[in-house]
Protein chains: 2
Amino acid sequence: MLKFKYGDGVIKKDKQTTRERILDAAEELFAHKGYEGVSIRQIMAKAEADVSLAYYHFKSKRDLFNEIMLRRVEILNDIRLKALEAVEERHPGNAPSVEEIIDAFTHPLLDLLAREHEEWKYYFQLIAHINNSPDWGGELMTRYFDPLVRRFLEALKKALPDCDDADLYWSYHFLSGALTLTFAETGRLDNLSGGAAKSSDMASVVDRMPKFLAAGFERLCKK
Amino acid sequence: MLKFKYGDGVIKKDKQTTRERILDAAEELFAHKGYEGVSIRQIMAKAEADVSLAYYHFKSKRDLFNEIMLRRVEILNDIRLKALEAVEERHPGNAPSVEEIIDAFTHPLLDLLAREHEEWKYYFQLIAHINNSPDWGGELMTRYFDPLVRRFLEALKKALPDCDDADLYWSYHFLSGALTLTFAETGRLDNLSGGAAKSSDMASVVDRMPKFLAAGFERLCKK
DNA sequence: GAAGAATTTCAACGATCGTTGAATAGTAGT
DNA sequence: ACTACTATTCAACGATCGTTGAAATTCTTC
């Protein structure tokens, strides 16, 4: 029998620490099959390490998952907050345009995904997965991302001072859905468009998304 | 030991067929925990039926899942197609507005979800789940929904004759993400808005969504 | 009410699950 | 060489997994 019969691919042992190999392997597998769809044994086979090492480096399967989420979330919050502050400093006194604010919200993510695709692809797919799960999506997304989202909503409120709260929050909801489906990279768009648009072509969506969404915000908030 | 220790709720045996009770129980559980997160034993406990009956009425777990998808998809395709045809007949000769077309795409779903919430809630959550899954989302969504989507894209192409294909397909992609997150009813919007907007309030989103999305289509397709 | 088909019950299979404890190997400072 | 700590290996636990075959029951039709 094969020593590692579970994974198709394998995380190279090269320079990485065992802990990192486990995180990488688990991140990729969770992104593809979901939390319950992947076993510790599959993860450790892909990471080329013994099963019990998962429980040595992390306390449990659930803790391993949380650690995957935590590993990258601060980087994302940092670059997005800095992008927003840069936009605001560019317009001292008055509010930036809606499109500029949304661009600060989406551009850092899509750009990161474009430039370091292999590194971030699975993490974004995981977020997309969670964002659309009614159950444990709630707590996770709230804790990790809501503070930043509130910061952006304040900026948008200044740019759209006459906007009803309900209109604003629903607009953000639409934004959130569009953004997460985009970096889920499901390939459905490729199939549907017959090649006219590619899910993985972040460079081609990075400008389109804020343009599209800003128009929505502005029309919905128009008195 | 309890006879049915798995499910929290239970599908009443009343008037329904065993087959229907299994489908209902499985639909709800799959929507909450995902395909791999639910066992046949949990499903049959909730349906108050013996485990082996799942394999009598359906060949396998996978087949049960496919049957859940098939059970309601024709109804959805029917009402959406009829809504589009009604809009087109209202504008003989020339094309309907972008907002009217999008409304025909989204309104039937949101209205159905509003009026028969308990009946459709879990099915829509399941679709949201699948739409954001890179793996087996692809084939399923393509087979069941793409023909109708292509029909809508043709209508939109007529309403936006100067639109680049790439712009049109990306716009639809944003629409798809916004729509599926909306009927996922994750509750995240409620939490974020502090009550100003409610995920489950379909009546309040049914007009906002086409308005928001039509603005996006039009600005992105503007020459 | 007998015959035949459809449905339900019961018991079990091999495989895999998350998790653990104890033994072994590797590394650093003294 | 000895110690202390970290990292890894090996073997196993009880529970649950998807699935099945055969017997028992209920339903339908004459």
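Proteins get letters first, then strands, A, B, ... in listed order; numbering begins at 1 in each.
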Starting at atom CG of B/L53, determine the distance to atom C1' of D/dT20, rounded to an integer number of angstrom. 13 Å
Between C/dG18, D/dC17, D/dT9, which one does the side chain of B/S39 approach most closely? D/dC17
Rounding to a whole Å, what distance do you find between B/I22:CD1 and D/dT19:P? 14 Å
Sequence neighbours excluded, which residues qualify as ring pair (Phe, Tyr, Trp, His ring centres under 6.0 Å) partners of A/H107? none
Between C1' of D/dT9 and CE of A/M44, the distance in whole Å: 12 Å
Rounded to whole Å, please give me the gap between CZ in B/R41 and C1' in D/dT16. 7 Å
Between A/L64 and A/I43, is any pair of side-chain heavy atoms under 4.5 Å apart? yes
Atom-to-atom span, CD of A/E48 to C1' of D/dT8 - whole angstrom: 15 Å
Can you find a heavy atom in the side chain of B/L213 that is under 4.5 Å from one in the side chain of B/M209? yes
Would you call the rings of B/H173 and B/W170 parallel, tilted or perpendicular, where under 30° means parallel and over 60° means perpendicular? perpendicular
Within the pair B/S52 and C/dT8, is there a side-chain N or O less than 4.0 Å away from OP1 or OP2? no
Starting at CD1 of A/I40 and ending at P of C/dG18, how long is that distance when rounded to a whole Å? 6 Å
What residues from residues 55-69 of chain B pass a heavy-atom cutoff of under 4.0 Å to DNA chain D? B/Y55, B/S60, B/K61
Name all residues meeting the ring pair (Phe, Tyr, Trp, His ring centres under 6.0 Å) criterion together with A/F152; count only those two or more places apart in sequence or in a different chain, and write none if there are none. A/F105
Do A/L112 and A/L76 make a side-chain contact, defined as non-hydrogen atoms from C-beta onward lying under 4.5 Å apart? yes
